[in-house]
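A short worksheet on the structure shown next.
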Amino acid sequence: MTLDIGLIHMDEKYFAKKIEQKWQRKWAESGAFHAELTDDKPKFYALEMLPYPSGNLHMGHVRNYSAGDALAWYKRLKGYNVLHPIGWDSFGQPAEDAAVKRGVNPRTWTEENIVTMRGQLERMGLSYDWRRQMYAHRPDYYKWDQWFFLKMYERGLAYKKKTQVNWCETDQATLSNEQASGGLCWRCGNPVTKKDLEQWFFKTTAYTAELLDDMAEIESGWPASVLKRQSDWIGRSEGAFVDFRSADTLVRVFTTRIDTIYGANAVVVAAEHPIIAANRDSLSADVIAKVDAIIAENLKPKERDEEVEKDGIDTGLKAVNPFSHEEIPIWVGNYVMMDYGTGAVMSVPAHDERDFEFAKKFDLPIRQVISEPHMEHAHHAMQAMALEDAFTEYGVLVHSDYWNGKTSDIAKKEMTEFAEKHGFGEGATTYRLRDWGISRQRFWGSPIPMIYCDECGVVPEKIENLPVELPETAPFTGTGESPLAKVPEFYETNCPNCGKAAKRETDTMDTFVDSSWYYYRYTDAQNSDAPFDTTITNKWTPVDQYIGGDDHAVMHLIYARFWTKAMRDMGLVNFDEPFRRLLTQGMVVGETFFDDASGKRVYYKSDEVNVERDQKGRISSANLRSEIQNPKLLRYAIERMSKSKGNGVDPDEMVEIYGADASRLFVMFAAPIENELVWNEAGIEGAVRFLQRVWRQVYKWKSAAAVGSSEESSAAKKLRQKTHQTIKRVSDSFEELQFNTPVAALMELSNAIGDVGEPESADTATKAAVAEALNALVLMLTPFSPHVAEDLYSVLVGNENGIVANNARFPEYNEDLAKADEIEVAVQVNGKLRGRVFASPDATNSELESLALAEEKVAEHTAGKDIVKVIVVPGRLVNVVVKG
RNA sequence: GCAUGGGUAGCCAAAAUGGCAAAGGCGCCGGUCUUAGAAACCGGAGAUUGCGGGUUCGAAUCCCGCCCUGUGUACCA
């Protein structure tokens, strides 16, 4: 099909838009990416983290989905049955913010955004099985959130308690511990406070040990840094509980260093510790005041790097050290936290940095009871040596009665046994991980299917009554009260148990609930009887490759792992870990310009700013363009790309200008996927040029690409070598999840084709070699730029079907063809390159050695000198070491 | 502070177990084409691999010290 417009043949020029629309239509019509279970191909589940429908795709999405799609294509070409789905994480706060600010219904807002974003994804030409889309906000999905909730409740994995929860003043909502990691709200970045609330929890701690131990199963496929962050988050700590008697009660402390117990100078408890409340009446006014001050301080938000000074007070209460029988004071200290361990510690200043600092400040006795092994005798002789810092290493016990002379290791073990035997302690493992608080005072989430009845108490909704549907709308105030609590039609109901009037729970679930199991729903997305059919799901899952940002390392990824383990115990899946392999892509960032004089950052777009740069291209100053007379100096930074920060590049616009193929190719080529990508659009034209070049090469050789072979010319041999070396390089790169290096390899191959010259002057062998090279090049280009690859492949095979419909496969690597029949070997003298020789790839070391020594320049440099030794690296180089 | 990445031409980046003269792209320079420019095409220049030491026949790669930088995290007892 050739369309003549004047003298130009339409199909000999690369028009991205035209071919992209053409192939997108073809794919959609043929259901090219519909995945069905079959037995004749191995399955591969490629998954990218699902998007929140904010309204617009950003560059982070483009990067994430381009990589995932490249992998899906590669696996498809390798003969796998690939499942590659997408869906919408469509519950969440921005929809509700839009309702508060602009009076839009969250549902309308969300649905419209999805339509927009789906269009953007389609224009990128991503190979999704769109039939499997899930929408978290639709009742056919969140019904199963509720179903899971009831299953969890049945199994004791969902429970309610009143507790101090993380509270974000800005967002007016609670946060789980994971979402408040680092003391900052995961969504808005503002410091988190505490609030007493009654909340529903999922019992993640039921799987603490497994979450830790099963990391062994995925160790080889996950980035070590993510596993490390998870294990730090779970925070296993081995030690012992020890009871200190205080009058008629016991104060239990947790310690990892029971061997230092003879050095305890006090028991320090958290301000919230029950012993304080129990003795409130008898404590002095000073103590009460201090306790209340610390409690109040703990509720306040803290800036990230804020160093909190140690504070505390002697309560006047006493406790007895069960080992030494010494009576020591009980202090309240602001550095002891109620929610870790037992909320009480034994203070051993000599061997703990925090206790040391505390003791210094309040002038408490510091007694060394662990000595460095060689200092042991000196310590026995002297009563106390002044320590400048806490000695926190293991050593040998001193000043510890019976235990003197024992090493820390042995003492820990024996002292724990001793405590157990005498009933004042026990070995213990504590964790930092807490249960997952999922109640949110929000409208736009999955309603928690529980009912409060005056007669029967807390009653679960009946499964057959699910879904508990959200009302059309509710009064949105943004004040942190559940909007559903103002909708009587929603909360007024009857008790499933006794039938009397009752009230529904009006909090909704954390949106991380939706993302904990969505990837199972994709495997059987239309199921209306169950979240999915276990037989089907067990065939597709676990996910073979998951790709997304590492900002979810301790949120989504821990929840999803927990969920999978819970599901396994419910008999729904037959494995422990949801994601075999994980790839974390780096952020896409760009320059931002802002004014923070008011204390809050006001961002400006780059085209509103005059920028001066230094020689390295870094910004040296920036000021606002509109105020030339009185330039307003702006501050600048490099931050994650987003529309609100004015540094967002609109992917849709990029696709419109350069085409999806070039945009995707460029994003993959620009930097290693796991690196941060500082956005710089300058290079994208190179991607366009490369595609145009390949396009031209295909058309140039189209008619010349004759079959049949004659004697292989050296040009033909060289090109075939390059082709097969490239096949190897590109497939190895995909296996290692590298997406930038194979693009460079393809460019090299294209350059090599260019080096062959013109078809008119080529011999038959060369034509065949070029045909092979182009065929391989186009197929290997498919994962990055599928539309142009489909089109060019059609030209190469001479039918309109392209890659998918012709059922094309990734080119086969032939090792013999990749090997040169003559190799060039570098010859060095004393490590300096002096010449080179040509030899057969099978030449022996001694053959290479004599060739090398005979080489003219080498002979010159070795003449009259002693040859000390000759090092031969087969196939690479010969180094002659001479002396004199 | 602790942990963990990284520093290769003006910019982004590649180089299995140490082994050739350090890929590819952007930008730059020159040429072809054009009335001219742009685009496109062809060609070219540009790197003692952050600094200082060490090991080795041989170091971007290994070791030691220093400098700079990204990310995570912090009274976790």
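Values in this document were obtained by computation on a predicted structure and should not be read as measured data. In what follows, chains carry the letters A, B, and so on, assigned in the order in which the sequence lines appear, proteins first and then strands, with residues in each chain numbered from 1.
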Separation of [X] atom [atom1] from [N] atom [atom2], in whole Å?
{"X": "A/Met338", "N": "B/A77", "atom1": "CE", "atom2": "C1'", "answer": "13 Å"}
{"X": "A/Ile294", "N": "B/C75", "atom1": "CD1", "atom2": "P", "answer": "16 Å"}
{"X": "A/Met555", "N": "B/G72", "atom1": "CE", "atom2": "P", "answer": "11 Å"}
{"X": "A/Trp679", "N": "B/A13", "atom1": "CH2", "atom2": "C1'", "answer": "15 Å"}
{"X": "A/Gln725", "N": "B/A15", "atom1": "CD", "atom2": "P", "answer": "16 Å"}
{"X": "A/Asp551", "N": "B/G70", "atom1": "CG", "atom2": "P", "answer": "18 Å"}
{"X": "A/Glu357", "N": "B/A74", "atom1": "CD", "atom2": "P", "answer": "18 Å"}
{"X": "A/Gln230", "N": "B/U71", "atom1": "CD", "atom2": "P", "answer": "21 Å"}

So what does [X] touch, heavy atoms closer than 4.0 Å: a base, only the sugar-phosphate, or nothing?
{"X": "A/Arg354", "value": "base"}
{"X": "A/Val336", "value": "base"}
{"X": "A/Met346", "value": "nothing"}

For the [atom1] atoms, the ones on [N] and on [M], what distance do you get once it is rounded to whole angstrom?
{"N": "B/G46", "M": "B/G37", "atom1": "P", "answer": "27 Å"}
{"N": "B/A39", "M": "B/U34", "atom1": "C1'", "answer": "11 Å"}
{"N": "B/U55", "M": "B/C64", "atom1": "C1'", "answer": "11 Å"}
{"N": "B/U4", "M": "B/A74", "atom1": "C1'", "answer": "15 Å"}
{"N": "B/A13", "M": "B/C26", "atom1": "P", "answer": "16 Å"}
{"N": "B/G43", "M": "B/C33", "atom1": "C1'", "answer": "15 Å"}
{"N": "B/G52", "M": "B/G70", "atom1": "C1'", "answer": "24 Å"}
{"N": "B/C62", "M": "B/G19", "atom1": "P", "answer": "11 Å"}

Pair assignment for [N], Watson-Crick or G-U wobble, requiring both distances under 3.5 Å:
{"N": "B/U55", "answer": "none"}
{"N": "B/U49", "answer": "none"}
{"N": "B/U4", "answer": "B/G70"}
{"N": "B/C20", "answer": "none"}
{"N": "B/U34", "answer": "none"}
{"N": "B/A39", "answer": "none"}
{"N": "B/C28", "answer": "B/G44"}

Side chain to side chain donor-acceptor pair (under 3.5 Å) for A/Gln164 and A/Asp339? Distances and angles first, verdict last.
CA-CA 10 Å; A/Gln164 222 176 52; A/Asp339 55 7; over 6 Å; no
RNA chain B: 5'-proximal contact among A/Thr342 and A/Gln738 (nearest heavy atom)
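Looking at the nearest nucleotide for each, A/Gln738 comes out on the 5' side.
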Would you mind telling me which residue lines up with the more 5' stretch of RNA chain B, A/Asp311 or A/Leu677, judged by nearest nucleotide?
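This one resolves to A/Leu677.
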Shortest side-chain distance from [X], nucleotide among [options]:
{"X": "A/Lys869", "options": "B/C57, B/A40, B/C75", "value": "B/C57"}
{"X": "A/Arg432", "options": "B/A40, B/C76, B/G19", "value": "B/C76"}
{"X": "A/Lys310", "options": "B/A77, B/C75, B/C12", "value": "B/C75"}

Just to verify, what does A/Asp232 make a salt bridge (Lys or Arg N to Asp or Glu O under 4.0 Å) with, not counting sequence neighbours?
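For A/Asp232 the salt bridge (Lys or Arg N to Asp or Glu O under 4.0 Å) partners, ignoring immediate neighbours, are A/Lys228.
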Taking side chain to side chain contact (heavy atoms under 4.5 Å, CB included) as the definition, give me every residue that meets it alongside [X], ordered by chain and number, with sequence neighbours left out.
{"X": "A/Met747", "answer": "A/Phe669, A/Phe690, A/Val743"}
{"X": "A/Val554", "answer": "A/Arg229, A/Trp233"}
{"X": "A/Arg236", "answer": "A/Leu212, A/Asp213, A/Glu238, A/Thr429, A/Tyr431"}
{"X": "A/Glu674", "answer": "A/Pro672"}

Can you list the residues that meet the ring pair (Phe, Tyr, Trp, His ring centres under 6.0 Å) rule with A/Phe358, with sequence neighbours excluded?
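Residues passing ring pair (Phe, Tyr, Trp, His ring centres under 6.0 Å) with A/Phe358: A/Trp331, A/Tyr335, A/Phe362.
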Contacts under 3.5 Å, N or O only, protein and nucleotides 20-26 of chain B:
residue: B/C20; atom: O2; partner: A/Arg836; partner atom: NH1; Å: 2.9
residue: B/C20; atom: O2; partner: A/Arg836; partner atom: NH2; Å: 3.1
residue: B/A21; atom: N7; partner: A/Arg836; partner atom: NH2; Å: 2.0
residue: B/A21; atom: N6; partner: A/Arg836; partner atom: NE; Å: 2.3
residue: B/A21; atom: N6; partner: A/Arg836; partner atom: NH2; Å: 3.2
residue: B/A23; atom: O2'; partner: A/Glu748; partner atom: OE1; Å: 3.4
residue: B/A23; atom: O2'; partner: A/Glu748; partner atom: OE2; Å: 2.7
residue: B/C26; atom: OP1; partner: A/Arg689; partner atom: NE; Å: 3.2
residue: B/C26; atom: OP1; partner: A/Arg689; partner atom: NH2; Å: 2.8

Looking only at heavy atoms, the pair that brings A/Leu582 and A/Trp222 closest together is CD2-CE3, 3.6 Å
Please indicate whether A/Lys718 has more than 12 foreign heavy atoms, meaning atoms of other residues, nucleotides or ligands, lying under 6.0 Å from its NZ.
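Open.
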Show every side chain to side chain donor-acceptor pair (under 3.5 Å) that has at least one partner inside residues 744-754 of chain A, sequence neighbours left out.
A/Arg693-A/Ser750, A/Arg693-A/Asn751, A/Gln697-A/Ser750, A/Lys722-A/Glu748, A/Arg729-A/Glu748
Please list residues of residues 260-276 of chain A whose heavy atoms come under 4.0 Å from any atom in RNA chain B, ordered by number; otherwise none.
none
Return no unless some side-chain N or O of A/Arg257 is found under 4.0 Å from OP1 or OP2 of B/A77.
no
Can a side chain N or O of A/Asn740 be found less than 4.0 Å away from OP1 or OP2 on B/A14?
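Yes.
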Out of the candidates A/Trp679, A/Phe784, A/Phe739, only one should pair with A/Phe666 under the ring-ring contact (aromatic ring centres under 6.0 Å, His included) rule; please name it.
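The single option meeting the ring-ring contact (aromatic ring centres under 6.0 Å, His included) with A/Phe666 is A/Trp679.
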If you measure from the Lys or Arg side-chain nitrogens to the Asp or Glu carboxylate oxygens, is any gap between A/Glu815 and A/Lys728 under 4.0 Å?
no
